[in-house]
Peer 1: 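Before we start, here is the structure in question, set down as structure tokens.
Both backbone and side-chain heavy atoms feed into the values below; hydrogens, waters and symmetry mates do not. First the proteins, then the strands, lettered A, B, ... as listed; each starts at 1.
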Amino acid sequence: MPELPEVETVRRGLVPAMEGEVIAKAELRRLDLRHPAPPDLANRIMGQRIERIGRRSKYLLFDLSSGETMILHLGMSGRILVSGQATAGFTHDLATPEKHDHLLITMANGTRITFNDARRFGSLDLVATKDTTEHWLLKGIGPEPLGNDFNAEYLAAKLARKASPVKAVLLDQAVIAGLGNIYVSEALFRAHILPDRIANRVTKNEVPLLTTSIRDVLLEAIDAGGSSLRDHRQTDGELGYFQKSHAVYGRQGEPCRTPGCAGVIQRIVQSGRSSFFCAICQS
DNA sequence: ATGTGTTCCTGTCCGC
DNA sequence: TGCGGACAGGAACACA
């Protein structure tokens with residue numbers, strides 16, 4: 001999935017096409033996503049103006065003039081495409097729905113927006129805007145890593161109480177919002193911490209660097225237009241560029257990029273998911 | 001109460 | 001070229 005930077009990139013691509021515009025037509029083609037979508041979702045968003053497109057963690061939030069908010073999660077393979085934007089390197093005729101196009105929207109200005117998600121780990125829901133933060137999917141989520149509530153003191157307190165590997169703690173959305181498998185590996189590399197270190201063994205001295213590493217890696221990825229391994233596309237169909245600058249993710253067997261380091265990037269599996277690290281740079 | 005493993009679903013890639 | 005297996009950005013849930 002799209003992790004936080006990819007979702008933010010998608011959001012920024014949607015704002016000029018949708019914010020302040022009215023949804024003229026909507027068609028929900030499948031209800032059986034990760035969580036069942038409301039059967040009347042299309043009817044409830046049709047005719048509404050999109051007042052604002054926000055983001056909480058990896059969720060996109062579409063505030064509608066009706067007083068409802070559409071909550072959209074991209075899951076692992078979800079993407080949103082916008083007609084009229086360049087589609088270099090990716091052809092998807094939005095006029096003809098493809099197999100995994102689940103939600104089709106036509107704005108009053110003619111722009112078409114398509115939510116496509118082959119694996120259907122994504123989800124769609126509608127909630128009263130005032131109740132958004134209390135929605136069951138959102139209410140347990142921890143602070144935004146780019147916001148003021150996320151800082152070294154907070155993170156140190158969380159890590160100190162956890163007996164699981166630091167990798168697992170950083171992936172826990174209740175601890176920090178928006179981190180996923182790629183950026184956890186990248187942030188831990190920058191912080192010189194091995195992913196299988198037990199969280200409460202991360203020293204107080206190490207936490208500030210870990211905190212800034214998380215923030216920096218996310219900001220750089222957003223600046224670069226989001227990362228990508230295979231499925232992620234920006235809304236204009238372009239691949240994100242940040243993948244070129246992954247220091248460790250997906251680079252097992254390749255040389256460490258730290259100047260002067262003779263290390264080779266290694267891959268381990270932790271609770272079923274790959275972690276990447278340099279055993280020389282990280283301990 | 002916590003921590004770990006499994007599971008949902010489809011697509012792609014790699015080795016034989 | 002076909003085929004089987006490994007693996008993929010998430011996260012809720014079942015179980016120890």
Side-chain angles (χ1 to χ4, degrees), chain A residues 1-11 29-37 55-60 71-80 90 92 98-102 115-125 135-142 145 158-188 195-201 217-218 221-222 224-234 239-246 248-253 267-276:
Chain A
M1 137 200 236
E3 302 182 31
L4 187 153
E6 290 75 38
V7 178
E8 178 60 22
T9 299
V10 169
R11 190 191 71 80
R29 303 176 76 233
R30 278 197 91 126
L31 303 181
D32 56 339
L33 306 180
R34 180 69 171 88
H35 309 291
R55 178 188 58 75
R56 171 74 171 111
S57 189
K58 303 168 191 171
Y59 292 88
L60 287 171
I71 302 175
L72 186 154
H73 195 289
L74 294 169
M76 291 268 240
S77 54
R79 56 199 185 196
I80 298 179
F90 186 74
H92 185 309
E98 291 190 359
K99 194 171 173 190
H100 301 295
D101 290 350
H102 306 316
F115 168 49
N116 176 292
D117 180 15
R119 291 177 77 180
R120 278 185 282 129
F121 288 173
S123 61
L124 279 169
D125 202 2
H135 189 275
W136 68 279
L137 286 168
L138 300 180
K139 73 176 175 198
I141 294 178
K158 285 291 181 186
L159 293 175
R161 290 197 274 104
K162 295 286 186 175
S164 45
V166 62
K167 159 89 182 291
V169 176
L170 297 182
L171 275 180
D172 184 347
Q173 302 297 296
V175 174
I176 312 175
L179 282 183
N181 213 36
I182 295 178
Y183 297 111
V184 167
S185 273
E186 294 297 316
L188 286 170
D196 58 357
R197 180 111 64 93
I198 298 305
N200 61 29
R201 300 295 187 83
V217 78
L218 295 174
I222 291 170
S227 182
S228 171
L229 274 190
R230 31 185 81 82
D231 290 339
H232 178 69
R233 297 290 188 285
Q234 298 181 53
L239 282 165
Y241 294 105
F242 190 65
Q243 56 181 337
K244 299 190 184 86
S245 45
H246 289 161
V248 290
Y249 189 87
R251 298 193 62 242
Q252 70 272 29
R267 171 183 176 269
I268 58 171
V269 175
Q270 297 179 273
S271 47
R273 312 200 65 197
S274 296
S275 300
F276 301 87

Peer 1: Can you see if the side chain of A:His73 gets near the phosphate of C:dG10 - specifically, an N or O under 4.0 Å from OP1 or OP2?
Peer 2: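 For A:His73, the contact criterion (side-chain N or O under 4.0 Å from OP1 or OP2 of C:dG10) is not met.
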
Peer 1: Please tell me which of the listed nucleotides, C:dA12, C:dA11, B:dT4, lies nearest to the side chain of A:Lys58?
Peer 2: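 Of the options given, the side chain of A:Lys58 lies nearest C:dA11.
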
Peer 1: Within less than 4.0 Å of OP1 or OP2 of B:dG11, is there a side-chain N or O belonging to A:His100?
Peer 2: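 For B:dG11, OP1 or OP2 has a side-chain N or O of A:His100 closer than 4.0 Å.
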
Peer 1: Applying the side-chain hydrogen bond (donor to acceptor under 3.5 Å, both in side chains) criterion to A:Tyr183, which one of A:His246, A:Glu6, A:Glu3 satisfies it?
Peer 2: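 For A:Tyr183, the side-chain hydrogen bond (donor to acceptor under 3.5 Å, both in side chains) test succeeds with only one of A:His246, A:Glu6, A:Glu3, which is A:Glu6.
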
Peer 1: Could you check A:His135 against A:Asp125 for side chain to side chain donor-acceptor pair (under 3.5 Å), going step by step and ending with a plain yes or no?
Peer 2: CA-CA 10 Å; A:His135 189 275; A:Asp125 202 2; 2.7 Å; yes

Peer 1: Round to a whole Å and report the spacing from CG of A:Leu74 to P of B:dC8.
Peer 2: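 After rounding, the gap between these two atoms is 22 Å.
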
Peer 1: Of the options C:dA12, B:dT10, B:dG3, whose atoms approach the side-chain atoms of A:Ser164 most closely?
Peer 2: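 So the side chain of A:Ser164 is nearest to B:dG3.
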
Peer 1: Would you mind reading off the distance between A:Leu170 atom CG and B:dG3 atom P, rounded to a whole angstrom?
Peer 2: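 Rounded to the whole Å, the gap is 14 Å.
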
Peer 1: Round to a whole Å and report the spacing from CZ of A:Arg119 to P of C:dA12.
Peer 2: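 For the pair A:Arg119 CZ and C:dA12 P, the rounded distance is 16 Å.
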
Peer 1: To the nearest angstrom, how far is A:Arg79 atom CZ from C:dG10 atom P?
Peer 2: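 Going from CZ in A:Arg79 over to P in C:dG10 covers 17 Å.
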
Peer 1: Is there a side-chain contact between A:Val169 and A:Ser164 (heavy atoms, below 4.5 Å)?
Peer 2: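 A:Val169 reaches A:Ser164 side chain to side chain.
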
Peer 1: Look at the side chain of A:Asn181 and decide which nucleotide, out of C:dG10, B:dG11, C:dA11, has an atom nearest to it.
Peer 2: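 Shortest atom-to-atom distance from the side chain points to C:dG10.
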
Peer 1: Using OP1 and OP2 only, check whether a side-chain N or O of A:Arg273 sits under 4.0 Å from C:dA8.
Peer 2: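 Answer is no, no contact under 4.0 Å.
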
Peer 1: Name the pairing partner of B:dT10, where a pair is Watson-Crick or G-U wobble with both distances under 3.5 Å, or state none.
Peer 2: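 Paired with C:dA8.
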
Peer 1: Using the P atom as the reference point in each nucleotide, state the distance between C:dC3 and B:dC9 in Å, no decimals.
Peer 2: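 About 24 Å, rounded to a whole number of Å.
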
Peer 1: Select base, sugar-phosphate, or nothing to describe what A:Ala163 touches, counting heavy atoms under 4.0 Å on all strands.
Peer 2: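 Sugar-phosphate only.
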
Peer 1: Taking only N and O in the side chain of A:Arg267, is any of them less than 4.0 Å away from OP1 or OP2 of C:dC7?
Peer 2: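 Yes, within the criterion.
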
Peer 1: Check every strand shown and say whether A:Gly272 touches a base, only sugar-phosphate, or nothing at a heavy-atom separation below 4.0 Å.
Peer 2: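 Since no nucleic acid heavy atom lies under 4.0 Å of A:Gly272, the category is nothing.
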
Peer 1: Answer yes or no: does a side-chain N or O of A:Lys99 lie under 4.0 Å from OP1 or OP2 of B:dT10?
Peer 2: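 Answer is no, no contact under 4.0 Å.
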
Peer 1: Would you check if A:Phe121 stacks with the base of C:dG10, given a 5.5 Å centroid limit and a 30° plane limit, both strict?
Peer 2: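 The base of C:dG10 is stacked with A:Phe121 (centres under 5.5 Å, planes under 30°).
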
Peer 1: Provide, to the nearest angstrom, the distance between the NE2 atom belonging to A:His102 and the P atom belonging to B:dC8.
Peer 2: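 Whole-Å distance recorded here is 17 Å.
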
Peer 1: Is any side-chain nitrogen or oxygen of A:Arg120 closer than 4.0 Å to OP1 or OP2 of B:dT10?
Peer 2: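 Looking at the OP1 and OP2 atoms of B:dT10, one of them is under 4.0 Å from a side-chain N or O of A:Arg120.
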
Peer 1: With a cut-off of less than 4.0 Å, is there a side-chain N or O of A:Ser274 near OP1 or OP2 of C:dA8?
Peer 2: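 The answer is yes; a side-chain N or O of A:Ser274 sits under 4.0 Å from OP1 or OP2.
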
Peer 1: Would you mind checking if A:Arg29 and A:Asp101 are paired as a salt bridge, meaning a charged N to carboxylate O distance below 4.0 Å?
Peer 2: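 Answer for the salt bridge query: no.
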
Peer 1: To the nearest Å, give me how far apart CG (A:Asp101) and C1' (B:dT10) are.
Peer 2: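 Answer to the nearest Å: 14 Å.
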
Peer 1: Rounded to the nearest Å, what distance is computed from the CD atom of residue A:Gln252 to the P atom of nucleotide C:dA8?
Peer 2: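 It is 9 Å, rounded to the nearest whole Å.
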
Peer 1: With heavy-atom distances below 4.5 Å as the criterion, would you say the side chains of A:Lys162 and A:Asp172 are in contact?
Peer 2: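 A:Lys162 vs A:Asp172: side chains touch.
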
Peer 1: Nearest-Å distance, CD (A:Gln270) to P (B:dG3)?
Peer 2: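 A:Gln270 atom CD is separated from B:dG3 atom P by 15 Å.
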
Peer 1: Just wondering, do A:Val10 and A:Pro2 contact through their side chains at under 4.5 Å, heavy atoms?
Peer 2: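 Of all side-chain heavy-atom pairs linking A:Val10 with A:Pro2, none is under 4.5 Å.
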
